[in-house]
Amino acid sequence: MTTELSLVPWPAELETGGTPFVLDDSTVLVPDPGAEPTRLAEQLAAHLRSTTGLPLPVTPGATPQANAAVRLALITDESLGREGYELTVTAEEVVIRAAAPAGLFYGAQTLRQLVPAGDRAVPGVRVRDVPRFGWRGMMLDIARHFFGTADIERFIDLVALYKINVVHLHLSDDQGWRLEIDGWPELARVGGRGQVGGGPGGYLSKAAYREIVAYAAQRYVTIVPEIDLPGHTNAALVAYPELSASEQPPEPYTGTRVGFSSLRVDSPQTAKFVRAVLTEVAELTPGPYVHIGGDEALSTPPDDYVRFMRDTVPVVASSGKQAVGWQEIVRAGLGPDALVQYWNTRQPEQAAEAARAGARLIMSPAAHVYLDMKYHDDWHLGQDWAGCVDVHDAYGWDPGTLVDGVDDTVVDGVEAALWTETITTMADIEVMTFPRLPAVAEVAWTPQARRDWDHFRARLAGHVRLWQALSVAFYRSEQVDWER
Ligand code: TNX
């Protein structure tokens, strides 16, 4: 039973109790003139048609009948920023207002959640909503097990409903290289073969990657590509043995250990490789970020690691992108030049050090947001090195106070991560993502003072209807009194 509106993330401001608006055969969507409002109205109409069965035509600039319009309007209101929106539902009309198209998109996601399973009555509300953080991310590892375009696009669709705006793709690791690179073709052709457990693996062609980027952009999601360097590189070394210290081709790796591989750092070949790959990835990616990994480089001599990162971050900068690295990158003393992704809850001091050095942070504390952790000890998927992560663990933390010395002023955002050593199917991805990702999405979007576990739990329960309508696999955590 839900007594509250089942909105997740909870909006910054909300008034309830107005008269509902009833969607019916006469309802039309009326976007402001312009290609993007019209496209967003079509996108919203398609969702609402599929759940309500109503015709819901999109009629830009039309004057609809009384009590029949869902309007999408661009207004001038600097306080809404790029992503903020207002949603007003009265008996007369539904209006989404925003200062930029991204805000219209988020208003539309809120509206979808107000009518989760084909309800035709939209509850009367007044919402005014802006996000706490600008980076609300989710990482998917397509290296340990490969997932292709259809799965990635469905994943983007599902997370965008929770106002996630960054999908970080982990594109290379010991078990596979998953992106075609023209200058170094064996990376994908040879390095793309295989995965954990020995399946066929695979890779994204450049065309497939571009398609994913475009699909994401239509949902206001930025793709952040990660090429993990200088460790986690066994698959690259299988393809190009001359990049390794031994210059001997290693065996393809199908296990789940970490920390055993490294590029040879002090070689011109490696420098050439790194420059070519990162430049190509940057060219292929319209978003402002390229992630260079840097985690668990346990087989790279410490001085080499520092030198490598000092050489590599400027390569990313010269290709016009902001470099992002896992928290270990602070060892290279780059100050503000790299955006630092905090993950290892055993070493919070690295996050504090990054902040002191002037870097900005993305908060991905494993004990809270690693969605590859088991829900509980007997859960059949995932790992438990950071402990089990149930819904309350994913929800009950504050990115601005979690680590001493790291507060809101240095945090750019929050990102959940799904590593796929044990994840082999799209249903596995979904059941690990739901319901924990919605919890993380609220951590990233909703002002801390507006968050409350019992309130969240009650709202989350209502999302079952939405997930069932979308055929999403999810885990009925015992921490939530789910609707049937
Ligand atoms: C640590 S988190 C890793 C990954 C593993 C993950 C498994 C991080 C930056 N590195 O290589 O897949 O743990 O939970």
Side-chain angles (χ1 to χ4, degrees), residues 137-147 166 168-178 194-197 201 224-236 253-263 289-300 305 309 323-332 338-348 350-351 354 359 361-375 377 379-389 393-394 402-403 414-424 428-429 432-433 436-437 440:
M138 171 82 204
M139 190 215 75
L140 180 65
D141 170 10
I142 64 165
R144 271 51 179 273
H145 281 95
F146 178 65
F147 294 90
V166 168
H168 161 182
L169 293 176
H170 184 72
L171 292 168
S172 69
D173 214 302
D174 292 317
Q175 298 84 348
W177 183 286
R178 307 303 183 196
Q195 57 188 2
V196 169
V224 174
E226 179 188 349
I227 301 297
D228 201 348
L229 304 167
H232 290 278
T233 42
N234 192 73
Y253 187 63
T254 60
T256 63
R257 280 186 303 118
V258 298
F260 61 88
S261 60
S262 180
L263 296 175
Y289 306 101
V290 170
H291 200 306
I292 54 173
D295 57 317
E296 300 169 323
L298 309 177
S299 303
T300 313
Y305 179 89
M309 285 304 174
V324 191
W326 296 107
Q327 71 183 67
E328 290 93 324
I329 202 169
V330 303
R331 289 167 43 199
L339 182 57
V340 173
Q341 187 164 13
Y342 170 59
W343 64 276
N344 188 349
T345 20
R346 296 185 204 118
Q347 284 185 279
Q350 270 180 338
L361 287 109
I362 305 300
M363 302 298 278
S364 300
H368 298 286
V369 306
Y370 266 30
L371 306 190
D372 63 316
M373 293 300 117
K374 293 173 177 292
Y375 283 102
D377 286 331
W379 184 249
H380 61 294
L381 296 169
Q383 313 204 50
D384 61 3
W385 64 262
C388 291
V389 174
D393 304 294
L402 183 72
V403 176
V414 173
E415 186 173 296
L418 181 53
W419 303 96
T420 56
E421 286 95 334
T422 68
I423 306 302
T424 61
D428 290 351
I429 289 181
M432 298 301 264
T433 302
R436 291 181 290 191
L437 185 271
V440 181

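The structure displayed is predicted, hence computed values, not measured ones. Position 1 is the first residue of the sequence; numbering continues from there. Order of appearance sets the numbers: ligands from 1, and atoms from 1 within every ligand.
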When you measure from [atom] to every protein heavy atom, which one gives the shortest distance, and what is it?
atom: atom 11 (O) of ligand 1; answer: R144 NH2, 2.9 Å
atom: atom 8 (C) of ligand 1; answer: D295 OD2, 3.3 Å
atom: atom 3 (C) of ligand 1; answer: E296 OE1, 3.3 Å

Under the 3.5 angstrom rule, does the side chain of T420 hit a backbone N or O of D141 as a donor-acceptor pair? yes

Quiz prompt | Under 3.5 Å donor-acceptor, T256 side chain and E421 backbone | solution = no

| said: Would R178 pass as a cation-pi partner of F146, given that its NZ or CZ must be under 6.0 Å from the six-membered ring centre and within 45 degrees of the axis? | reply: no

Near [X], which atoms of ligand 1 are under 4.0 Å from a heavy atom of that residue?
X: H232; answer: 11 (O)
X: D372; answer: 7 (C), 14 (O)
X: M373; answer: 14 (O)
X: E421; answer: 5 (C), 7 (C), 12 (O)
X: Q383; answer: 7 (C), 14 (O)

Taking atom types as modelled, find out whether H145 and Q195 have a side-chain donor-acceptor pair closer than 3.5 angstrom. no

ask   = How about H232 and D173: does a side-chain donor come under 3.5 Å of a side-chain acceptor?
value = yes

Q | D141, any N or O under 3.5 Å of ligand 1 N or O | A | no

### Query
Between Y370 and V389, is a side chain to side chain contact (heavy atoms under 4.5 Å, CB included) present by the stated rule, with each step listed?
CA-CA 8 Å; Y370 266 30; V389 174; 5.5 Å; no

Looking at Y370, W385, W326, the heavy atom closest to atom 2 (S) of ligand 1 belongs to Y370

Any side-chain heavy atom of Y342 sitting closer than 4.5 Å to one from P365?
yes

